[in-house]
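Structure, as structure tokens:
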Amino acid sequence: MKKVAFYTLGCKLNFSETSSISRMFEDKGYKKVEFTDTPDIFIINTCSVTENADKKCKKIVREARKISNNAYVAIIGCYAQLKPKEISEIPGVDAVLGAAEKFQLIDLLDGFVRPEQPKVLASDIEVATGFNNAFSINDRTRTFLKVQDGCDYSCTFCTIPLARGNSRSNTIENIIKQAEEIVDSGVKEIVLTGVNTGDFGIRNGKREDRFIDLARELDKINGLERIRISSIEPNLLTDEVIEFVAQSNKFVPHFHIPLQSGSDNILKAMKRRYLSDLYVSRVNKIKSLMPHCCIGVDVIVGFPGETEEEFLKTYNFLNELDVSYLHVFTYSERANTPAAEMDDVIPLKERNKRSKMLRSLSEKKRRYFYEQHLNTIQEVLFEDDVENGMMHGFTKNYIRVAAKYDPVLINEIKQLALKEIDHNGHVTAEELTEILTH
């Protein structure tokens, strides 16, 4: 029985796909093992959102070779689609598979015998038109369920359409079937993932459903406790979706809404499909219906042409906005994107300074959001995430809670009183019975 290990870089969508590919290996009689357990095969699922992700891929290949020098090393994922030849030249790589090939890798690589020269199996992205089912299970308490793939947008900084192809989706019927299977396995929370999740409903180039249609059907599944939307574009987060989540018993009050810049000039240069006013209206709508809703924001700093004045527009915009945390990305030039050819390039040192400022703002935002919920009773779903005798879980509105480790609590929803913020920035909690006996 050959041993196979997986390493995933990047987004929740990648994690869902790695998990599904690993189950394909197990179904064929391979044994899934840890990365350090001298595997016969390494499958590395890559991301290429930032330059740093590319460097990580090279480092992981080196580590794989140290652990198991004669193992077969195959690279899949976004970086593999974008730069297959470049990856094939990394010492130690045996095969590179593109977006259209990665779900067929067991058949294509024929027994995983190391070749004299690396195999490159990466078609043009136009070939990647099918939808491959994917969800993570047995890896985490929460399951990432892929509902959509690809993107039809043309943001000037982004390589994802080049790496994943056009927008396409699963059918509602298939997704419901998968979700029911996930629930039957004991999972209590499903996170809906995609490249452009809110664009759900396109099949064979035609719109057949809307995201709200999918949401309504998922909301009917018996035994499913929580549904979380991983990320949704502001122009696709309609009032209808917000109002539905507000009255749903399963969809949790947590949205992650990419902004990228608080400057309309920069948004236009990025070719985003909204301006800052629309973003404000979405946040206000959410907070009017769900005052305790958690709102996360993606933001890019150092985009070409982002003067100090334009950056301060973003900083002040976010400072005044009722959002809960930020995911800050330092702009990095990506090959074959319009932004890489733009003038007024921001020096790297300045980009890093701006990133640091926004990360500091994010910490303040998150702490303020957490403080609003101290001395309240919340439902916490605990995960298999133990550190220094403490276990962690999340409230519906994405507050990370720490409590004394108790194996019985893993994958259980518990009503707890939120007490204080610890030195790690997590909220400590007590069981209600402990409070009553004080």
Give a yes or no on whether a salt bridge exists between Lys146 and Glu17, defined as a side-chain N under 4.0 angstrom from a carboxylate O.
yes
Check this for me: does any side-chain nitrogen of one of Arg65 and Asp94 sit under 4.0 Å from a carboxylate oxygen of the other?
yes
Are Phe211 and Phe200 close enough that their ring centres sit under 6.0 Å apart?
no
What distance do Arg203 atom CZ and Lys206 atom NZ have between them, rounded to the nearest 0.5 Å?
12.0 Å
With under 30° as parallel and over 60° as perpendicular, where do the rings of Phe303 and Phe157 fit, or are they tilted in between?
perpendicular
Can Arg273 be said to sit on top of Tyr153's aromatic six-ring, NZ or CZ under 6.0 Å from centre and within 45° of the ring axis?
yes
How long is the span from the CD1 atom in Ile44 to the CD1 atom in Ile75, to the nearest 0.5 Å?
4.0 Å
Check for me whether the distance between the ring centres of Tyr325 and His327 falls short of 6.0 Å.
yes
Please check if the distance between the ring centroids of Phe382 and Tyr405 is under 6.0 Å.
no
Working to the nearest 0.5 angstrom, can you tell me the gap between Ile227 CD1 and Phe251 CZ?
4.0 Å
Provide the closest heavy-atom pair for Ile300 versus Met270 in the form atom of the first, atom of the second, distance.
CB-CE, 4.1 Å
Is it true that Asp213 and Arg210 make a salt bridge, defined as a side-chain N closer than 4.0 Å to a carboxylate O?
yes
Judged by atom type as modelled, is there a donor-acceptor pair below 3.5 Å linking the side chain of Lys12 to the main-chain atoms of Val191?
no
Is the Phe42-Phe6 ring centre distance short of 6.0 angstrom?
no
Using the rule given for salt bridge (charged side-chain N to carboxylate O under 4.0 Å, His left out), can you reason through Glu189 versus Arg228, listing the C-alpha separation, both sets of side-chain angles and the distance that settles it, and then say yes or no?
CA-CA 7 Å; Glu189 179 176 317; Arg228 202 176 293 276; 2.7 Å; yes
Angle class for the His392/His426 ring planes (parallel below 30°, perpendicular above 60°, tilted otherwise)?
perpendicular
Tell me, please, which residues at least two apart from Arg366 pass side chain to side chain donor-acceptor pair (under 3.5 Å).
none
